[in-house]
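Below: one structure, written as structure tokens.
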Amino acid sequence: MTHHTPRFTFDNSYARELDGFYVPWEGDKVPEPRILLLNTELAEELALDPEALDSDEGAAILAGARAPEGAETLAQAYAGHQFGGFSPQLGDGRAILMGELIDSQGRRRDLHLKGSGRTPFSRGGDGKAVLGPVLREFVIGEAMHALGIPTTRALSAVTTGETIWRETAKPGAVLARVAASHLRVGTFQYFAARGERDRVRQLAEYAIARHDPELAGRDDRYLAFLRAVIRRQAALIAQWMHVGFVHGVMNTDNMTISGETIDYGPCAFIDTFDAKAVFSSIDHGGRYAYGNQPVIAQWNLARLAETLVPLLHDDEKEAIRLATEELEEFPEVYSAHWLAGARAKIGLTEGDDSDIGFVNALYAAMAGQTVDHTLFFRALPQAAEGEDAPVIELFDDATAIREWLPHWRSRLAAEGRDPATLRAAMDAVNPLYIPRNHKVEEALRAAEAEGDMGPITRLLEVLGAPYEERDGLEDYARPAPGSFGPYKTFCGT
Ligand code: AMP
Ligand code: MG
């Protein structure tokens with residue numbers, strides 16, 4: 001423990017430029033803030049001193065109980081479609097933006113606290129977060145980052161010393177989260193729904209300056225901005241699909257303008273490949289099922305487009321036509337990203353759009369089987385050399401995959417791939433270690449029930465290098481044992 005004061009060099013553009021888009025607000029005082037996890041690598045990236053943060057004062061700051069010098073803490077306003085129904089007023093009901101930091105690469109990053117107490121946006125909620133979901137967001141977000149997927153990141157998890165009542169008594173906790181910004185589709189919706197056209201314009205200008213500065217000043221900047229968001233989301237969702245990530249609650253308030261994954265609540269990774277996979281206990285209709293995510297992303301982007309219509313053209317009809325044209329690009333842009341990713345997963349470097357049938361045949365072979373999505377792609381390189389058994393063994397009925405493999409081998413032969421470079425290339429894009437649901441639960445239970453941070457620390461280490469096979473980690477690569485049963489997740493409140 002050191003005693004120098006943690007210093008933050010804030011530059012708070014949101015507070016400064018978007019008066020009326022938030023409520024200045026402070027976090028609650030809490031009895032006993034204590035740091036459980038501190039992301040020292042991220043702290044350094046943010047030009048923060050991890051040693052200074054790892055102190056009583058640092059804990060109080062990261063719990064939201066004390067504002068450091070330069071912070072302008074505030075609760076952001078936003079709206080959102082939740083499961084398809086519009087809520088005009090959501091907003092930071094249990095979170096505050098502390099301020100913005102310019103990181104070591106010159107990037108502007110939000111520092112945000114989740115679980116810091118009630119705000120004017122809390123509605124019926126208590127404004128608090130509890131330890132399990134905070135740790136879950138920490139682990140999954142960091143795993144996504146290590147997988148190379150754009151995401152918010154976790155700087156710290158602290159306990160507050162409070163007891164929070166959920167279905168039982170739980171330890172209160174606060175997550176410090178770092179994001180390219182917290183602008184959401186729902187931020188635009190909040191002002192659009194109130195008919196505040198000038199504020200939508202102001203927000204769009206701010207978003208452009210922050211995320212698409214090359215568009216600033218262009219006559220067609222609002223349309224180009226919509227296109228940029230559509231492209232970022234198409235690329236993001238394709239990446240989710242290729243690692244088997246199910247977000248679980250793709251409400252428009254949980255979709256960023258930056259293209260980062262945000263708000264890890266009932267999310268989970270698939271084990272067997274199943275387009276219908278749903279883990280969230282409240283997603284009865286399967287709206288946010290694994291295979292539905294691209295469609296939902298496009299639906300959410302249509303909600304963003306609606307908010308921008310008044311900015312796109314003086315003639316509303318023409319504005320709608322322009323927006324629709326952009327939205328209609330989504331499936332194609334998404335498919336191109338998805339196909340490029342799929343090709344990389346199977347070690348092909350050449351090809352064209354006609355590969356879609358070839359790749360779809362592979363996924364059709366996996367569908368309805370108990371084959372593990374992650375292990376399949378790690379076993380596949382062996383089949384390049386004719387050693388099919390490790391792949392075949394993963395299937396209950398191997399008829400379709402037996403048919404597909406020779407086609408694949410002839411494609412590889414046509415590309416003249418040698419087996420050693422093929423394996424390295426495939427392993428570099430197909431993770432071996434993903435946050436297996438049973439391993440995540442095991443680590444959360446140890447932390448929650450016994451205060452044992454060993455398993456979660458170890459899990460974070462494993463997930464920090466997901467593509468690199470290491471001795472002794474076999475247990476982290478295996479699917480859940482049958483005894484684990486079907487997996488259900490709950491919203492992180
Ligand atoms: P989420 O499901 O975390 O994306 O949150 C959806 C909305 O509910 C946001 O406006 C949150 O701020 C709000 N919310 C979630 N949990 C709480 C809570 N415990 N207290 C107050 N507001 C909450
Ligand atoms: Mg949310």
Side-chain angles (χ1 to χ4, degrees), residues 21-23 25-28 30 63-64 73-98 110 112-138 140-141 151-152 154 160 162-191 193 246-258 260-268 279-283 287-288 296-297 300 303-304 489-493:
F21 290 69
Y22 61 86
V23 181
W25 202 257
E26 283 170 21
D28 286 354
V30 294
T73 54
L74 56 88
Q76 294 178 310
Y78 55 85
H81 276 90
Q82 301 180 303
F83 287 93
F86 187 60
S87 299
Q89 173 136 349
L90 295 169
D92 285 335
R94 52 161 170 169
I96 49 174
L97 176 66
M98 201 192 276
D110 274 6
H112 171 104
L113 302 177
K114 190 165 172 177
S116 51
R118 286 182 55 80
T119 76
F121 301 107
S122 295
R123 295 169 292 155
D126 62 3
K128 302 292 182 180
V130 297
L131 184 57
V134 162
L135 294 177
R136 214 176 131 73
E137 175 153 355
F138 197 115
I140 312 269
T151 177
T152 66
T160 60
E162 289 180 318
T163 300
I164 305 301
W165 191 256
R166 289 293 181 259
E167 63 281 10
T168 55
K170 302 273 189 188
V174 174
L175 178 79
R177 174 164 88 181
V178 174
S181 85
H182 281 81
L183 298 176
R184 308 150 188 264
V185 169
T187 319
F188 284 83
Q189 288 183 290
Y190 181 89
F191 299 98
V246 184
H247 183 284
V249 59
M250 286 177 74
N251 295 334
T252 57
D253 52 302
N254 292 337
M255 181 179 265
T256 60
I257 296 306
S258 67
E260 286 182 342
T261 312
I262 197 169
D263 272 357
Y264 297 93
C267 59
F279 300 98
S280 170
S281 59
I282 60 169
D283 190 0
R287 180 179 172 90
Y288 300 141
I296 289 294
N300 289 351
R303 307 288 78 76
L304 174 66
T489 56
F490 300 89
C491 271
T493 52

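All residue numbers in this chain count up from 1 along the given sequence. In this text the structure is predicted, and so the values were computed from the model without any measurement. Order of appearance sets the numbers: ligands from 1, and atoms from 1 within every ligand.
- By the 30° and 60° cut-offs, the orientation of the rings of His112 relative to His182 is parallel.
- Closest heavy-atom approach to atom 11 (C) of ligand 1 within the set Gly125, Ala95, Gly91: this belongs to Gly91.
- Under 4.0 angstrom from ligand 1, the non-hydrogen atoms of Arg166 all belong to its side chain.
- If you check the side chains of Tyr22 and Asp92, you find no donor sitting under 3.5 Å from an acceptor.
- Neither side chain, Thr152 nor Tyr264, offers a donor N or O lying under 3.5 Å from an acceptor on the other.
- Taking every non-hydrogen atom of Arg123 and a distance limit under 4.0 Å, the qualifying atoms of ligand 1 come out as 7 (C), 8 (O), 10 (O), 13 (C).
- Against a heavy-atom cut-off of under 4.0 Å, Tyr78 is close to the following atoms of ligand 1: 9 (C), 10 (O).
- Close approach of ligand 1 to Asp263 is summarised as follows: ligand atoms under 4.0 Å from at least one heavy atom of the residue are 4 (O).
- At under 3.5 Å, not a single nitrogen or oxygen of Lys114, backbone or side chain, sits near a nitrogen or oxygen of ligand 1.
- Counting only heavy atoms from C-beta outward, the side chains of Phe138 and Leu175 approach each other to under 4.5 Å.
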Kindly determine whether Phe121 and Val23 satisfy side chain to side chain contact (heavy atoms under 4.5 Å, CB included), including the steps that lead there. CA-CA 9 Å; Phe121 301 107; Val23 181; 3.9 Å; yes
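- Put simply, Asp263 gets within reach of the Mg ion (ligand 2), with an N, O or S atom under 2.8 Å from it.
- Between Val249 and Pro266, the shortest heavy-atom distance links the atoms CG1-CD, 3.5 Å.
- For the residue pair Thr187 and Gln76, no side-chain donor N or O sits within less than 3.5 Å of a side-chain acceptor on the partner.
- Counting heavy atoms under 4.0 Å from ligand 1, residue Asn254 touches it through the side chain alone.
- By the 6.0 Å and 45° rule, Arg287 does not stack over the aromatic ring of Phe83.
- Contacts between Phe121 and ligand 1 below 4.0 angstrom, taking non-hydrogen atoms only, are absent altogether.
- Taking any N or O of Gly127, backbone or side chain, at least one lies under 3.5 Å from an N or O belonging to ligand 1.
- Polar contact with ligand 1: absent for Asp92 (N/O pair, distance under 3.5 Å).
- For the Mg ion (ligand 2), the set of nearby N, O or S atoms under 2.8 Å includes none belonging to Asn251.
- A donor-acceptor contact under 3.5 angstrom links the side chains of Ser87 and Gln82, judged on distance only.
- Heavy-atom proximity to Gly93, at under 4.0 Å, picks out these atoms of ligand 1: 12 (O), 20 (N), 21 (C), 22 (N).
- For ligand 1 and Leu90, the ligand atoms under 4.0 Å from any heavy atom of the residue are 10 (O).
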